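Because the structure is a prediction, the values reported are computed rather than measured. Sequential numbering from 1 along the given sequence is applied to the chain's residues.
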Amino acid sequence: MSTTDTGTTATDTGTTATVDASTQRPDRVDTAATTFGSTADLSRALIRAAIAHGEHEKRTGAEDPNWPGWYAAYMVAEQAGAELPV
C-alpha cells in the first residue's frame, strides 16, 4: 500500500506505506516521503499521532478540523527525527 497526497495504491508484492505530507505542513516537513515497513508499523504510528493530537486539542481547548494534516505532519516529523508539532 502506498499513500501519498494524491491517493492510495495497494500492491501484491509487499506492504509499504508512503505518506507525503509536504503539502500539509511544509514548515514542519524536511522530507518528501515517509515509509512504514508494515501495516502494523503504520497503525502504531497512527495511534501515537492520535494520542499526541488529543494532547494538542487539550492544550488549545478546541477541536482541530485539520486533524488529518496534523497527523500527517506528526508522523513524518516523528520518523524523520524532526521537531514534532505541538
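What you find for E78 and R48 is that their closest heavy atoms are OE2-NE, 2.8 Å.
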N/O donor-acceptor pairs under 3.5 Å from side chains in residues 40-47, not counting sequence neighbours:
| from | atom 1 | to | atom 2 | distance (Å) |
| --- | --- | --- | --- | --- |
| D41 | OD1 | R44 | NH2 | 2.4 |

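Proximity of M75 to T34: side-chain heavy atoms (C-beta onward) are nowhere separated by under 4.5 Å.
Remark: aromatic rings of W70 and H56 are close, center separation under 6.0 Å. Remark: aromatic rings of H53 and Y74 are distant, center separation not under 6.0 Å.
The main-chain N or O of T35 is found under 3.5 Å from a side-chain atom of Q79 such that the two form a donor-acceptor pair.
Rounding to the nearest 0.5 angstrom, the gap separating the CG atom in D64 from the OH atom in Y71 is 9.5 Å.
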